[in-house]
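Working notes, structure below.
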Amino acid sequence: MVSRVIPVGVFDLVIFGGTGDLARRKILPGLFRRYCSGQMPPDARVIGAARTEMSSENYREFVAKAVREFGVVGQGIDTDLEKFLARIEYVAIDACGVTGWNKLIKLVRSDVVRAYYFSVAPSLFGDLAQRLNIHGLTDEFSRIVVEKPFGRDLKTAKTLNTDLATYFNEGQIYRIDHYLGKETVQNLMAVRFGNMLFEPLWNSQYVDHIQITVAETVGVGDRGEYYDKSGAMRDMVQNHLMQLLCLIAMEPPSKFDPDAVRDEKLKVIRALDPMDPHQIIRGQYDGFGDGPSYRQAVRDAQSRTESYIAMKVGVSNWRWAGTPFYLRTGKRLKARSSEITVVFKELNHSIFGEQEDHHNVLSIRLQPNEGITLGVTIKEPGPGGMRLVDVPLDMTFAEALGEGSEEPPDAYERLIMDVIRGNQTLFMRGDEVEAAWAWTDPIIESWEARGDVPKIYESGSEGPEDAVQMMARDTRVWRKVSP
Ligand code: NAD
């Protein structure tokens with residue numbers, strides 16, 4: 001199958017923080033893959049900019065190593081890599097000082113799309129924006145990409161928005177949430193709005209409840225210092241899970257364009273019921289198994305930060321009133337699995353007499369094995385009367401699209417190309433981020449005010465027992481966390 005690739009114009013992409021972890025694992029390998037699939041015009045260039053002193057030659061070696069380690073590409077990598085490296089330059093720069101800026105001014109061209117990826121600590125975003133402006137490195141066609149976390153509460157997010165708005169208009173600011181770049185997440189919109197089948201049923205009359213799970217097997221690793229000041233609510237719920245909830249719950253936008261989609265997402269966030277913080281399950285993993293406990297990992301024996309959250313969220317609007325959204329996310333869980341599940345209601349009446357409960361279930365898997373499965377009820381084959389059984393209608397993309405279909409691009413590479421094309425549909429708008437903080441702030445403040453202590457859960461389990469109980473009270477069960 002030949003995929004249709006939308007051409008990209010000539011660009012200079014400057015990666016501030018070009019020697020950092022994110023650049024090494026995601027941005028640079030992603031750019032190389034886009035180069036291999038012919039999406040980088042011959043004159044496009046990538047400029048790494050970071051604090052470390054090194055030559056462009058040494059940086060090319062750094063890039064080559066990153067691509068080999070994280071690039072996962074096919075045969076002929078050496079020839080392609082050499083050509084790709086020919087487009088790479090490096091500038092040693094100080095985001096909040098004077099070093100390196102004159103060299104950058106000489107390197108960056110003014111007659112191409114100029115994109116600046118802020119892959120540095122958020123505390124540097126304002127300085128970078130200001131210096132780009134002072135040094136005349138931007139015009140109305142330039143764009144900036146900013147990484148998470150976008151603030152740590154409403155106040156800091158507002159300050160950040162104001163700082164960036166001093167130098168860039170909203171149409172130039174790309175707030176990245178890589179969950180939105182995932183193939184399945186976009187497919188969720190295709191399934192909802194490209195089929196007659198689902199949308200008429202997509203409401204509280206037919207949907208019993210929705211589950212959104214983002215489960216990780218890894219712990220906080222070496223991000224302990226950052227994570228302990230953040231926790232699952234700030235690190236995952238306020239952004240990633242909130243964005244998934246928005247896409248599931250939003251009204252059909254009039255067209256697939258940035259503001260139409262983001263207007264609808266914003267309405268969902270504003271329709272979220274305020275939460276009772278006591279009703280939210282917070283957990284922290286213990287040291288069972290092969291790794292350190294959360295408290296050992298963050299080196300604070302008293303830490304009250306949560307590595308797990310489970311919550312029942314209501315969306316008070318005409319479409320969803322009465323249908324709960326159950327969200328959960330955590331670290332050091334049994335399996336790495338991200339999934340959105342729409343559980344439809346039982347039939348009003350069964351013509352087959354006494355049967356077990358049967359629900360249609362639409363499950364959208366984000367990772368691993370991206371794909372969509374629809375559970376339908378059929379007759380169990382064979383003699384013995386009309387016994388019903390649930391079977392999956394599987395739409396695993398690789399299988400459905402047949403041999404030769406391309407591996408879907410990683411979320412980062414897709415989003416970077418969207419930046420170059422100037423398409424903001426899959427990026428968060430400033431007001432969305434603020435609305436999400438406005439909803440999460442009172443919850444976090446309440447926990448902090450009363451010194452809420454998270455429940456300890458066993459590493460490698462499905463999370464705290466209280467989360468199971470939360471569902472049981474509603475006579476529902478969580479989907480199994482399985483790979
Ligand atoms: P990192 O600490 O590995 O790298 C930081 C980079 O910033 C380095 O290249 C460093 O040289 C550069 N830098 C630091 N101070 C500078 C200065 N004054 N001037 C110029 N450059 C400077 O960080 P990272 O993990 O790559 O994360 C970068 C950003 O991406 C952060 O905002 C982080 O929150 C975000 N992020 C990272 C990940 C990830 O997986 N690493 C995931 C999501 C978001």
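Start at 1 and go down the list; that is how both ligands and their atoms are numbered. When reading the values below, keep in mind they use all heavy atoms of this one structure, side chains included, and skip hydrogens, waters and symmetry mates.
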Between Arg429 and Asp431, is there a side-chain N and carboxylate O pair less than 4.0 Å apart? yes
Looking at Glu225, I'd like to know if its CD atom is crowded, meaning that more than 12 non-hydrogen atoms belonging to other residues, nucleotides or ligands lie closer than 6.0 Å. no
Please state whether the rings of Tyr457 and Tyr285 are parallel, tilted or perpendicular, taking 30° and 60° as the class boundaries. perpendicular
Could a heavy atom of Arg223 be found less than 4.0 Å from some atom of ligand 1? no
Arg299 atom CZ, over 12 foreign heavy atoms within 6.0 Å: no
Nearest non-hydrogen protein atom to atom 19 (N) of ligand 1, with distance, is Ala95 N, 2.8 Å
re atom 25 (O) of ligand 1, the protein heavy-atom contact at minimum distance is Asp21 CB, 3.5 Å
Within the structure, does Gly20 bring an N/O atom to less than 3.5 angstrom of an N/O atom in ligand 1? yes
Candidate with minimal heavy-atom separation from atom 6 (C) of ligand 1, of Ala50, Gly17, Gly97, Ala49: Gly17
Atom 20 (C) of ligand 1: which protein heavy atom is closest, and how many Å away? Ile93 O, 3.4 Å
Residues in side-chain contact (heavy atoms from CB on, under 4.5 Å) contact with Arg234, at least two apart in sequence or another chain: Arg152, Ser230, Trp437, Ile444, Glu448
Considering heavy atoms of the protein only, find what lies nearest to atom 28 (C) of ligand 1 and give residue, atom and distance to 0.1 Å. Ser119 O, 3.2 Å
Can you list the atoms of ligand 1 that are under 4.0 Å from a heavy atom of Asp94? 17 (C), 18 (N), 19 (N)
Just jot down the ligand 1 atoms closer than 4.0 angstrom to any heavy atom of Arg25, in number order. 39 (C), 40 (O), 41 (N)
Under 30°, 30 to 60°, or over 60°: which ring-plane class applies to Phe125 and Phe118, parallel, tilted or perpendicular? tilted
Output yes when a protein non-hydrogen atom is found under 4.0 Å of atom 2 (O) of ligand 1, and no otherwise. no
The protein heavy atom nearest to atom 31 (C) of ligand 1 is Val120 O, 3.3 Å
For atom 38 (C) of ligand 1, what's the nearest protein heavy atom and its distance? Leu22 CD1, 3.7 Å
Audit row: Gln243, Glu432, side chain to side chain donor-acceptor pair (under 3.5 Å) steps and yes/no: CA-CA 9 Å; Gln243 288 294 320; Glu432 267 183 87; 3.1 Å; yes
Side-chain atoms of residues 213-222: list all donor-acceptor pairs with protein atoms under 3.5 Å, sequence neighbours left out, distances to 0.1 Å.
unit_1, atom_1, unit_2, atom_2, d
Thr213, OG1, Arg328, NE, 2.9
Thr213, OG1, Arg328, NH2, 3.2
Glu216, OE1, Lys331, NZ, 2.9

Based purely on interatomic distance, does Phe118 place a nitrogen or oxygen under 3.5 Å from a nitrogen or oxygen of ligand 1? no
At less than 4.0 angstrom from any non-hydrogen atom of Leu124, what atoms of ligand 1 do you find? 15 (N), 16 (C), 17 (C), 18 (N)
Per-atom contacts, ligand 1 versus Thr19 - under 4.0 Å to a heavy atom: 8 (C), 9 (O), 11 (O)
Is any side-chain N of the basic residue among Asp94 and Arg51 closer than 4.0 Å to the acidic one's carboxylate O? no
Just go through Arg51, His178, Lys148, Glu147 and tell me whose heavy atom is the nearest to atom 34 (O) of ligand 1. Lys148
Presence of salt bridge, Arg25 and Asp21, under 4.0 angstrom: yes
Nitrogen or oxygen atoms of Ala23 and ligand 1 under 3.5 Å apart: no
Check ligand 1 against Pro149 and write out every atom of the ligand that is under 4.0 Å from a heavy-atom position of the residue. 34 (O)
Go through the steps for Lys312 and His209 under the test side chain to side chain donor-acceptor pair (under 3.5 Å), then give the verdict. CA-CA 10 Å; Lys312 174 181 171 182; His209 73 280; over 6 Å; no
Atom indices of ligand 1, in the order listed, that fall short of 4.0 Å to a heavy atom of Pro122: 32 (O)
Whether Phe325 and Trp320 hold their rings parallel, tilted or perpendicular, with breakpoints at 30° and 60°: perpendicular
